[in-house]
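Input: a single structure, listed below in structure tokens.
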Amino acid sequence: MQSNAAGNINDGRPEGAVYVFELPVRVWHVTHALSIVVLAVTGYLIANPLPSLDGEASEHFLMGNLRLVHLVAAYVFSVGFAVRLYWAIVGNKYARELFVLNVWSKAWWRDLFEEIKYYLFIRRDAPPVLGHNALAQAAMWVFNVVLGLFMIVTGFALHGEALGLGSWADIGFGWVIPLLGGSQSVRMWHLLGMWLFIVFSIIHIYMAWRAELMGPQTSIRTIVDGWRVPRSKE
């Protein structure tokens with residue numbers, strides 16, 4: 001039986017390497033990131049429209065095209081979320097870490113506080129973890145799962161207003177509008193969610209690169225090829 005350990009002669013990887021992120025997870029990571037970029041740019045322009053264009057209004061459809069691109073990216077984001085949830089069920093144990101926090105485990109909480117100490121420069125070395133460390137897992141659960149669902153629900157609630165009463169979006173998500181205090185309140189909450197995504201993305205990129213450059217094992221390269229490879233201690 002062929003093992004995932006990298007000491008396997010056939011794959012040529014160093015001893016101790018483990019196949020962590022399967023291909024569907026890596027593809028989702030890329031599409032998820034790209035969709036957030038498109039949603040953030042178009043969402044900002046929708047909330048802060050560009051100055052009026054010269055000439056006849058009928059010759060321009062800039063804002064309409066921006067809303068169309070925003071909607072397409074929203075579909076990509078939402079379908080990707082559903083596929084990622086499915087893969088958490090059928091994939092390996094690391095695929096479930098995004099959705100399931102081991103808060104009942106003392107070891108998980110210990111790892112969380114050790115990671116916090118590491119990023120506060122209180123601890124010199126990061127504790128080695130095969131999948132996501134507890135801090136990254138908690139952050140991604142809050143921002144990718146909870147915030148992601150919130151953005152899907154509020155976004156399609158607003159889309160339901162554009163489609164009209166009785167549309168699929170109105171039937172499925174129209175209840176969000178009165179729950180959050182009206183259409184304008186939903187727009188402001190949706191816009192706040194966009195800024196939270198931007199802030200999280202900046203922090204996430206910093207932490208990933210720091211782990212790649214200074215951690216005891218690969219980080220950025222792991223999401224590229226799926227293998228977590230320990231660094232040489234020499």
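Counting heavy atoms from C-beta on, the side chains of Val25 and Arg84 come closer than 4.5 Å. Contact check for Val103 versus Trp109: side-chain heavy atoms found under the 4.5 Å cut-off. In this structure the side chain of Met188 reaches within 4.5 angstrom of the side chain of Gln184, judged on heavy atoms. For the pair Phe113 and Leu135, the minimum side-chain heavy-atom distance is 4.5 Å or more. Looking only at side-chain heavy atoms (C-beta outward), Glu161 and Ile177 come within less than 4.5 Å of each other. Phe99 has its side chain out of reach of Gln137: every pair of non-hydrogen atoms, C-beta onward, lies at least 4.5 Å apart. Looking at heavy atoms from C-beta onward, Tyr94 lies in side-chain contact with Val18 at the 4.5 angstrom threshold. Within the 4.5 Å cutoff, the side chain of Leu158 has no heavy atoms near those of the Phe173 side chain.
In this structure a side-chain-to-backbone donor-acceptor pair under 3.5 Å is missing from Asn102 to Trp108. No side-chain donor-acceptor contact under 3.5 Å links Arg123 to the backbone of Glu115. Side chain of Glu22 to backbone of Ala95: no donor-acceptor contact under 3.5 angstrom is found. A donor-acceptor contact shorter than 3.5 Å is absent between the side chain of Arg228 and the backbone of Val20.
Taking both residues in full, the closest heavy atoms of Phe21 and Thr222 are given as CD1-CG2, 3.5 Å, listed atom of the first, atom of the second, then distance. Minimum interatomic distance between Tyr19 and Asp225 (heavy atoms only, all atoms of both residues): CE1-O, 3.8 Å. Among all heavy-atom pairs drawn from Ala88 and Arg96, the shortest one is O-CG, 2.6 Å. Between Ser35 and Ala73, the closest heavy-atom pair is CB-O, 3.9 Å. Annotation for Val229 and Ala17: closest pair CG2-CB, 3.9 Å, computed over non-hydrogen atoms. Residues Gly174 and Pro178 approach most closely at O-CD, 3.3 Å, considering heavy atoms.
No side-chain donor-acceptor contact under 3.5 Å links Trp141 and Glu97. No hydrogens or angles considered: nothing links the side chains of His159 and Asp170 as a donor-acceptor pair under 3.5 Å.
Note that Arg67 lies outside the cation-pi zone of Phe61, set by a 6.0 Å cut-off to the ring centre and a 45° limit from the axis.
Within 6.0 Å of CH2 on Trp209 lie no more than 12 heavy atoms contributed by other residues, nucleotides or ligands. Other residues, nucleotides and ligands contribute more than 12 heavy atoms inside 6.0 Å of the CZ atom of Arg187. Atom CG of Leu165 is surrounded by 12 or fewer heavy atoms from other residues, nucleotides or ligands within 6.0 Å.
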Give the intermediate values and the outcome of side chain to side chain contact (heavy atoms under 4.5 Å, CB included) for residues Val153 and Trp175. CA-CA 10 Å; Val153 170; Trp175 54 270; 4.2 Å; yes
Step by step, would you call His204 with Phe197 a side chain to side chain contact (heavy atoms under 4.5 Å, CB included)? CA-CA 10 Å; His204 176 65; Phe197 258 129; over 6 Å; no
For the pair Thr218 and Trp227, evaluate side chain to side chain contact (heavy atoms under 4.5 Å, CB included) and give the outcome as yes or no after the intermediate values. CA-CA 8 Å; Thr218 57; Trp227 288 84; over 6 Å; no
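Between the NE2 atom of His190 and the CG atom of Leu180 there is a distance of 12.0 Å, given to the nearest 0.5 Å. From Leu45, atom CG reaches atom CG of Asn65 across 12.5 Å, with rounding to the nearest 0.5 Å. Taking OG of Ser219 as the reference point, atom CE of Met214 lies at 13.0 Å (rounded to 0.5 Å). Atom CH2 of Trp87 sits about 8.5 Å away from atom CG of Asn92, to the nearest 0.5 Å. Separation of atoms OG1 (Thr42) and CE (Met194) is listed at 9.5 Å; rounding is to 0.5 Å. Remark: Met151 CE to Leu192 CG distance equals 8.5 Å, nearest 0.5 Å.
Taking Ile, Leu, Val, Met, Phe, Trp and Tyr as members and joining any whose side-chain heavy atoms lie under 4.5 Å apart, directly or through other members, the hydrophobic cluster of Val30 also contains Leu34. Val79 shares a hydrophobic cluster with Val83; the chain of contacts runs through ILVMFWY side chains whose heavy atoms sit under 4.5 Å apart. With a 4.5 Å cut-off between side-chain heavy atoms of Ile, Leu, Val, Met, Phe, Trp and Tyr, the cluster of Val27 takes in Leu23.
Cluster annotation: Leu101 is connected to Ile116 through the hydrophobic network of ILVMFWY side chains, with a link wherever side-chain heavy atoms come within less than 4.5 Å. One hydrophobic cluster holds both Leu71 and Val186 under the rule that ILVMFWY side chains link at heavy-atom gaps under 4.5 Å. Note on Val38 and Met63: separate hydrophobic clusters, where clusters join Ile, Leu, Val, Met, Phe, Trp and Tyr whose side-chain heavy atoms are under 4.5 Å apart, directly or indirectly. There is a path of hydrophobic side-chain contacts, each under 4.5 Å, that joins Phe150 to Leu98. In the hydrophobic cluster analysis, where Ile, Leu, Val, Met, Phe, Trp and Tyr join through side-chain heavy atoms closer than 4.5 angstrom, Leu68 is grouped apart from Leu62.
The six-membered or imidazole ring of Phe156 lies near that of Tyr75, with a centre-to-centre distance under 6.0 Å. Aromatic pair Tyr44/His70: centroids not less than 6.0 angstrom apart.
When each of Val142, Ile36, Leu147, Asn144 is paired with Phe200, the side-chain contact (heavy atoms from CB on, under 4.5 Å) condition holds for Asn144 and for no other.
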